> 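The structure is given below, and queries will be raised subsequently.
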Protein chains: 2
Amino acid sequence: MASQQKTSRKAAGTAAAIRRPRARAANGGAQGGDAGDDIGLDALAGHAGYAVRRFQLWIFQDFIKTLAAADIRPTQYSVMTVIGANPGLSQMAVAKRLGIERARLVHLLDSLEERDFVSRIPSATDRRTHALHLTARGKTALAQFKRLAAEHERHVAEKIGKENREQLLQILACFT
Amino acid sequence: MASQQKTSRKAAGTAAAIRRPRARAANGGAQGGDAGDDIGLDALAGHAGYAVRRFQLWIFQDFIKTLAAADIRPTQYSVMTVIGANPGLSQMAVAKRLGIERARLVHLLDSLEERDFVSRIPSATDRRTHALHLTARGKTALAQFKRLAAEHERHVAEKIGKENREQLLQILACFT
DNA sequence: TATTGTTATACTCTATAACTATA
DNA sequence: TATAGTTATAGAGTATAACAATA
């Protein structure tokens, strides 16, 4: 399939190689090879999804950077937070609550269990399920993660403004 | 590595199998095997990143569903929109403007070129670069995509409220 | 028969590094 | 030497399907 794509691209490139007077000049001619910041995006400016995507990229990057010393990523943090607030949940319950595939949660819990942050305790009432708990070490670790996460939230407030951050949380409350 | 993980998980499970009185009872006991909606998440409620992530998932799902008939995904749409608004841009310029890896843009453009929406035109001034343009077919298609995208935006407004959507766009304007 | 946890597969996206051809 | 486009690879993340144990 890759070679097919390659072939068709090369072919298209060759065909298009019949040079034209360049409509590009209509743009001022400064944008062809330049990665300047003056590229018009008005067409995307009105799209909520684009702004939200860029914001989410920024926010996750800052979260990862701020919690890099603890080596915890956003999803791991959310899993530990939910288990810490609701000890004894099953894997299905956590997966559904966070919108994670249960197949993926298996691997997330594997790594958290390897680091001795979480433990799967067989349920006495339903032997298919595990009751999820934070270990003593996990509880201590989560407390530190939360301090770092609070620092990350301050970065967000600095970036978009304290009031704007609170408004945003209100607007999106229906998604938490 | 997989078998290592499996081994350590099984071992941890066995060791933890020494049953405890279940701290879970402190939560009301209804949450263990249940995926109910009453799982406490207060701990995550104050985190902008979590709300934004969930919102972005919803918004992308709706975008993909609304534009499914056109078979266009959000990133493809943003690429065509930028090229349409700024004909003649180089691949680097588009990649930087949209925050996409230039390596990934290659494949995105491959598929758009295969569908005859975009063409790479060799630059006369810098033979390393391609000037990107929409084909006639691409322009017609983009016009239809924009109508569908506008319908998607109406879905967003229905979901979070018309005024909230506009406020959100204002708050996140610095990320577009 | 349905559900939980698990394994496996595939596809998308992200992040790199290297290669080529140009500059 | 630096840059643009390309190729390749590895790692997350997502979406499925299937399986064993259990309900």
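Just so you know, these numbers come straight off a predicted model, no measurement behind them. So that the names make sense, note that chain A is the first sequence line, chain B the second, and so on, each numbered from 1.
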> Could you go through nucleotides 9-11 of chain C and list every protein N or O atom that sits under 3.5 Å from one of its N or O atoms, giving the distance for each pair?
none

> For the pair made of CD in B:Gln56 and C1' in D:dG13, what is the distance, rounded to whole Å?
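To the nearest whole Å, that distance equals 12 Å.
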> Quick one: is C:dT3 close enough that its OP1 or OP2 comes under 4.0 Å of any side-chain N or O from A:Gln91?
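Negative; the distance criterion is not met.
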> Take the protein atom CG of A:Asp110 and the nucleotide atom C1' of D:dG13, then report the distance between them rounded to whole Å.
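From A:Asp110 CG to D:dG13 C1': 16 Å.
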> Quick check for you: among C:dG5, C:dT6, D:dT6, whose closest atom lies nearest to any side-chain atom of A:Thr129?
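Side chain of A:Thr129 sits closest to C:dG5.
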> Kindly write out the residues that satisfy side chain to side chain donor-acceptor pair (under 3.5 Å) with B:Arg73, not counting sequence neighbours, or none if the list is empty.
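With neighbours one apart ignored, the set is empty.
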> Count I, L, V, M, F, W, Y as connected when their side-chain heavy atoms are under 4.5 Å apart, and connections chain through other members. Are B:Ile72 and B:Ile83 then in the same cluster?
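Yes, same cluster.
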> Identify which nucleotide among C:dT12, D:dG5, C:dT6 has an atom closest to any side-chain atom of B:Ser90, counting heavy atoms from C-beta outward.
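Per side-chain heavy atoms of B:Ser90, the pick is D:dG5.
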> Enumerate the residue pairs fulfilling salt bridge (charged side-chain N to carboxylate O under 4.0 Å, His left out) with a member in residues 121-131 of chain A, sequence neighbours excluded, ordered by first and then second residue.
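Residue pairs with at least one partner in residues 121-131 of chain A: A:Asp126-A:Arg128.
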> Within the 4.0 Å limit for protein heavy atoms, which parts of nucleotides 14-23 of chain C are touched? Write it as a string from 5' to 3', B for base, S for sugar-phosphate only, - for none.
B-B-B--BBS
> According to side chain to side chain donor-acceptor pair (under 3.5 Å), who are the partners of B:Glu153, at least two apart in sequence or on a separate chain?
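For B:Glu153 the side chain to side chain donor-acceptor pair (under 3.5 Å) partners, ignoring immediate neighbours, are B:Arg165.
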> Quick test of your reading: applying ring pair (Phe, Tyr, Trp, His ring centres under 6.0 Å), list the pairs with at least one residue in residues 150-169 of chain B, sequence neighbours left out, ordered by first then second residue.
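Sorted pair list: B:Phe63-B:His152.
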> Give me the ring orientation class for B:Phe117 and B:Phe145: parallel if the planes are under 30° apart, tilted from 30 to 60°, perpendicular past 60°.
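Judged by the thresholds at 30° and 60°, the geometry between B:Phe117 and B:Phe145 is perpendicular.
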> Check salt bridge (Lys or Arg N to Asp or Glu O under 4.0 Å) between A:Glu166 and all other residues, then give those that pass, not counting sequence neighbours.
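Partners of A:Glu166 under the salt bridge (Lys or Arg N to Asp or Glu O under 4.0 Å) test: A:Lys162.
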> Expressed in angstrom and rounded to an integer, what is the separation of B:Ile64 atom CD1 from D:dT14 atom P?
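Taking CD1 of B:Ile64 and P of D:dT14, I get 12 Å after rounding.
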> Can you tell me which residue pairs pass the salt bridge (charged side-chain N to carboxylate O under 4.0 Å, His left out) test with a partner in residues 74-86 of chain B, sequence neighbours excluded?
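Passing the test, one end in residues 74-86 of chain B: no pairs.
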> For A:Arg154, enumerate each residue passing the side chain to side chain donor-acceptor pair (under 3.5 Å) test, keeping only those at least two apart in sequence or located in another chain.
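By the side chain to side chain donor-acceptor pair (under 3.5 Å) rule, A:Arg154 matches no residue at all.
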> Who pairs with A:Asp116 by side chain to side chain donor-acceptor pair (under 3.5 Å), at least two apart in sequence or on another chain?
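Expected list: none.
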> Using whole Å, report how far NE2 of A:His107 lies from P of D:dA12.
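Those two atoms, NE2 and P, are 12 Å apart.
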> Sequence neighbours left out, what pairs pass side chain to side chain donor-acceptor pair (under 3.5 Å) with at least one residue falling in residues 135-151 of chain A?
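Checked against side chain to side chain donor-acceptor pair (under 3.5 Å) - neighbours excluded - no pair reaches residues 135-151 of chain A.
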> What is the distance from CG of A:Leu108 to C1' of D:dG11, rounded to the nearest Å?
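Going from CG in A:Leu108 over to C1' in D:dG11 covers 14 Å.
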> Find the bend of the helix from C:dT1-D:dA23 to C:dA23-D:dT1 as the angle between its two terminal axes (five pairs each), to the nearest 10°.
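Here the helix ends are tilted 0° relative to one another.
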